[in-house]
Student: 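Here it is: the structure, laid out below.
Chain A is the first sequence line, chain B the second, and so forth, proteins listed ahead of strands; every chain is numbered from 1. Keep in mind that the numbers below use all heavy atoms, side chains included, and drop hydrogens, waters and symmetry copies.
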Amino acid sequence: MDLSPKYAPQEFEKEIYREWESKGYFHGEDKSDKPQFSIVLPPPNVTGALHMGHALVLTIQDSIVRRKRMQGFNTVWFAGTDHAGIATQMVVERELMKEGKSRHDLGREKFLEKVWEVKDRHHGIITNQTRQMGASLDWERERFTLDHKFSKAVNSVFVKLYNKGLIYRGERLISWCSRCSTALSDLEVEMNPGKGKLYYIKYFVAGSNCSEFVTVATTRPETLLGDTAVAVNPNDDRFKHLHGKKVVIPFVEREVPIILDEYVDMAFGTGCLKITPGHDFNDYEIGKKHGLDTITVIDKNGKMNKEAVQFVGLNTKEAREKILVELENSGSLDKIEDYGTTVSKCSRCETVVEPLLSHQWFIKMDGMAKRAIEAVKSEKIKFYPTGWWEETYYRWLENIRDWCVSRQLWWGHRIPVWYCNDCNEFVVGEFHPLKQCRCGCQDYHQDNDVLDTWFSAALWPFVAPGWPERTEALKTFYPNALMETGFDIIFFWVARMIMFGLEFMDDVPFKEVLYHAMIRDEKGQKMSKTKGNVIDPLVITDKYGVDTLRFTLASMAGRARDIKLSENSIEGYSHFMNKIWQASKFALSNAEGYDKKCDVSKLKYPLNKWIVSRLNSVTEIVNKKFDVYELNDVSETLYKFFWHEFCDWYIEFSKPLINDEASAGETKYVLLYVHREFLKLMHPIAPFITEKLFHANPLKDKETIMLDAYPESNKSLINKELETDFDTVQELVSNIRHIKSIYGINAKNDVIVVSSKYSKLINDFNGPILKLATLKSIKVEQDAKSVDLSGCIRAVLPDVEIYMPAKKFIEFDKEIERLNKKLELVNKDLCITKSKLDNQGFLAKAGADVVEKEKGKLAEFSKLDTELRSAITTLETFLN
RNA sequence: GCGUCUUUAGCUCAGUUGGUAGAGCACUACCUUGACGUGGUAGGGGUCACAGGUUCGAGUCCUGUAGGACGCACCA
């Protein structure tokens, strides 16, 4: 097969993916003798376009999945997309807004038709982009979180929870977004610090004829219309004379009691707190405790309602301004201070949320939360990276509040509750009730609200394989082996999946959870369209190839919480892909004449033994790191091995062997063999380039690399001694290159090496050393006596002395200076080691192996020291 | 306020159970070496935030201080 001169991924990626998918390689079996590996894709929003976050998810999960598949697991990666309630509805509402229309102009049915159209349009986009990333998802099992069967599952869950008493309908204070016009759960509200003011307002004591008053401090004067009490701390002496009295709320002229509650902080503000149970969560609690009325003064559109006397119809901001003016005029406004406060905003649209009293559906969480905590504590579920998220998870679950699951939207799973048209009694059931109501009426209407998107998402691990049907797939693939997701949705999603999994399957939904980092720009800023710092994965893959992006992301997927991504770093990794391409070209163009019967366990040449040993050592590390999901280490290990061992040393050393008939057959085989095995190791992270090159390798042993076996380390092929020896050879070459570089010697020259220990080794590698160190000849001597040292540049490494006759280059003073520098370094090492060994405490308390090691070092450094000194003395005699 | 994490070379980060600090990028010099200039070779560059403590020995363990990030809860 001819390979193009440069790495050009655009030429083969799409075709390879098509081939994989059409041959059904991604599909796992419902029933199989093989062990299962299952994982669900966190379903992307149907309306979203692929961004770097997706690219990271797909890279990590696909890498893990591909390796497991290669390891022989019956592997399924469940594909799906999310209907994403508010987000999707907003997309369509925005489209309508351009025509000056609202969803109410269309009506529920027509509006939903439109949303489905949008869904169908976008679905193809996001799934194709997902394919483009190389994701080996089981598309045959693809689901949509609002498909028919999913709805069945959702209804069934709702009804079961209701029957167990875990779902209830209640009138409560909830966070309301007036823009989205829906209730939100606690998690969908973001608290941001903001600048505000603290207003001090006088409330006159009833019956005092405006002679007596209390001053309350508030950040939201417009809510005073809904005040139903004023609270003071019972221990506060300043207000003892007012206990039992009432004050008059301005404008509405309502008399409300002064109540006593320890909640009030005497030191803050005036020590006097106005209570508005209808528009503040703390006040609501106090109101409940003291049996106060709850008065709502703001409606669902964020406007003042009919309770708001002369302010009816104004929005809250207008109302505040007007109220302040009037308070000022009447002398009731004491003062205004700047005040740093927190503003609660809708996480979706950033509208300020209003606490509102309304009827909603809630799920009781405490019981399920306890089980969910236990599942992690008992390690039925293990978190990766270890030791990071457990605390956060426990804390949230320990303090969990009931989950408000109803949303006043149209797009989503409609709540399976039917109300009698006559008496308003409701029936909870999976289907429209057939029986007549207790009141005798037959007509029902379904609840208008839908469920929080995360309600259905929480069912994903068991609905994906078929629940509520008891399918074979469900039996095989539940619990999932792994859940992989961003830590930002640990509460939204992970915790809830665990709770629902335990509740409905009586088992954890997955055995391990792997959290990945957030992608940021190179400065650590969040990527956002408004900031203009977005790196589009599709632009990147067009330019550098999918494998480049995947490898970059994998290299950065470490334990860190942030990934700072720059195009620069991506470009760097594209060089690695090119390196693989180029080295492959070399290996493959030299394939002709390889020894077909070669057996890697019976190699003749040390160089070939060495690289096979290294391959197996690296394979061991890669597998170990893969097992604990440290993809950054996997990538780094592969990068270093391929570039700095296979290319820099093995390929270079192999050249003389390839040109020698005696060694050519074996060396060519090993070249191809290591190439093929490397491709397999690399395939999970960089699937396309490895598949492409695999087919070009004559040793290819499967129709696709995807289904080939992932390499296992063969320990009998690891030769640590040889690996260490080879380090010495590398050192030798480096030292010679170093001297030559310093003296500017470019020509081939002669070198004498004195070493009793390594003479055989150096002779074994004679040819390659000559080539890499650019030498004419290398002469190996057992001892230095037979060597004429005059005019030699000298280098010393443990058990090896190097002499380079170079009289015409040598500058004796310069050379002495160089060696003295070396000596200084060695002496520093020597000192440290000596002081250790002189230290009685060290000798007494350190482990024997450590002491031995130090002694070895001492011997080595002493020897270097002696040799360097003698070299310097010799040179000095030349000087004099 | 509480919790989790973080501070190592100019930048981005590794650093296993404590045993003399590493990589990539960037930088400097040299090399038009038949796989690759998207390359090669050599090199410079670090009081491991600070202060204590444990230890024969601390980047690594403990305590505190100061930066930084995130999460949770908030005093109206």
Student: Suppose we call a contact any N or O donor and acceptor under 3.5 Å apart; does that hold for the side chain of Glu652(A) and the base of rA35(B)?
Tutor: yes
Student: Could you please name the option among rG39(B), rA35(B), rC56(B) that lies closest to any side-chain atom of Ala846(A)?
Tutor: rC56(B)
Student: Check the distance between rG57(B)'s P and Gln840(A)'s CD and give it to me in whole angstrom.
Tutor: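 Checked: the CD to P distance equals 14 Å.
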Student: Indicate, with a heavy-atom threshold strictly under 4.0 Å, whether Ser574(A) touches base, sugar-phosphate, or nothing.
Tutor: base
Student: Classify the nucleic acid contact of Asn839(A) as base, sugar-phosphate or nothing, counting any heavy atom under 4.0 Å across all strands shown.
Tutor: sugar-phosphate
Student: What orientation do Phe576(A) and Phe551(A) show, parallel under 30°, tilted 30 to 60°, or perpendicular over 60°?
Tutor: tilted
Student: Would you indicate what Lys655(A) reaches in the nucleic acid, counting non-hydrogen atoms under 4.0 angstrom: base, sugar-phosphate, or nothing?
Tutor: base
Student: Counting any heavy atom closer than 4.0 Å, what does Leu843(A) reach on the DNA or RNA strands: base, sugar-phosphate only, or nothing?
Tutor: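 Contact class for Leu843(A): none.
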Student: Which one, rC74(B), rU4(B), rC36(B), comes nearest to the side chain of Thr342(A)?
Tutor: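 Of the options given, the side chain of Thr342(A) lies nearest rC74(B).
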Student: From C-beta outward on Gln582(A), which listed nucleotide comes closest to its side chain: rG19(B), rA76(B), rC36(B)?
Tutor: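 Of all the options, the side chain of Gln582(A) is nearest to rC36(B).
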Student: Lys564(A) near the nucleic acid: base, sugar-phosphate alone, or nothing, with a heavy-atom cut-off under 4.0 Å?
Tutor: sugar-phosphate
Student: I'd like to know if Lys857(A) pairs up with Glu854(A) as an ion pair, taking the criterion as any Lys NZ or Arg NE/NH1/NH2 lying under 4.0 Å from an Asp or Glu carboxylate oxygen.
Tutor: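 Judged by the 4.0 Å cut-off on N to carboxylate O distance, Lys857(A) and Glu854(A) do form a salt bridge.
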Student: Among Arg320(A), Lys274(A), His279(A), which one satisfies side chain to side chain donor-acceptor pair (under 3.5 Å) with Thr223(A)?
Tutor: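 Per the side chain to side chain donor-acceptor pair (under 3.5 Å) rule, the option paired with Thr223(A) is Lys274(A), out of Arg320(A), Lys274(A), His279(A).
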Student: Just checking, is any N or O donor in the side chain of Asn632(A) or Ser555(A) under 3.5 Å from an acceptor N or O on the other one?
Tutor: no
Student: Heavy atoms only, 4.0 Å cut-off, all strands: where does Trp581(A) land among base, sugar-phosphate and nothing?
Tutor: nothing
Student: Tyr393(A) near the nucleic acid: base, sugar-phosphate alone, or nothing, with a heavy-atom cut-off under 4.0 Å?
Tutor: nothing
Student: Which part of the nucleic acid does Asp648(A) contact within heavy-atom distance under 4.0 Å: base, sugar-phosphate only, or nothing?
Tutor: sugar-phosphate
Student: Between Lys579(A) and Phe642(A), is NZ or CZ placed under 6.0 angstrom from the six-membered ring centre and within 45° of the ring axis?
Tutor: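 Ring-cation test returns no.
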Student: Of the candidate nucleotides rG3(B), rC74(B), rU6(B), which contains the atom at the shortest distance from the side chain of Arg395(A)?
Tutor: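 So the side chain of Arg395(A) is nearest to rG3(B).
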Student: Among rU20(B), rA69(B), rC36(B), find the nucleotide with the atom closest to the side chain of Ile832(A).
Tutor: rU20(B)
Student: Give a yes or no on whether a salt bridge exists between Glu630(A) and Lys625(A), defined as a side-chain N under 4.0 angstrom from a carboxylate O.
Tutor: yes
Student: Stem ranges for RNA chain B, with three or more consecutive Watson-Crick or G-U pairs under 3.5 Å?
Tutor: B:1-7 with B:66-72, B:10-13 with B:22-25, B:27-31 with B:39-43, B:49-53 with B:61-65
Student: If you check every side-chain atom of Tyr639(A), which of rG40(B), rG24(B), rA76(B) has the closest atom?
Tutor: rG24(B)
Student: State which of rC5(B), rA73(B), rA76(B) makes the closest approach to the side chain of Thr341(A).
Tutor: rA76(B)
Student: Expressed as a whole number of Å, how far does the C1' atom of rG1(B) sit from that of rA73(B)?
Tutor: 8 Å
Student: Base, sugar-phosphate, or nothing: which does Lys579(A) touch, judged by heavy atoms less than 4.0 Å apart?
Tutor: base
Student: rG19(B), rC70(B), rA35(B): which one has an atom nearest the side-chain heavy atoms of Lys836(A)?
Tutor: rG19(B)
Student: If you measure from the Lys or Arg side-chain nitrogens to the Asp or Glu carboxylate oxygens, is any gap between Glu636(A) and Lys640(A) under 4.0 Å?
Tutor: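 Looking at Lys640(A) together with Glu636(A), the answer is yes, because their closest N to O distance falls below 4.0 Å.
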Student: Classify the nucleic acid contact of Phe576(A) as base, sugar-phosphate or nothing, counting any heavy atom under 4.0 Å across all strands shown.
Tutor: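 Answer is nothing: Phe576(A) stays at 4.0 Å or more from every strand.
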Student: Parallel, tilted or perpendicular: which one describes the rings of Tyr339(A) and Phe268(A), with boundaries at 30° and 60°?
Tutor: perpendicular
Student: From the options rA35(B), rA42(B), rG24(B), select the nucleotide whose nearest atom is closest to the side chain of His644(A).
Tutor: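 From the listed options, rG24(B) comes nearest.
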Student: Any base atoms under 4.0 Å from Lys6(A), or only sugar-phosphate, or nothing? Heavy atoms, all strands.
Tutor: base
Student: Among the nucleotides rA76(B), rC74(B), rU4(B), which one has an atom lying closest to any side-chain atom of Glu391(A)?
Tutor: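 Ranking rA76(B), rC74(B), rU4(B) by closest atom to the Glu391(A) side chain puts rU4(B) first.
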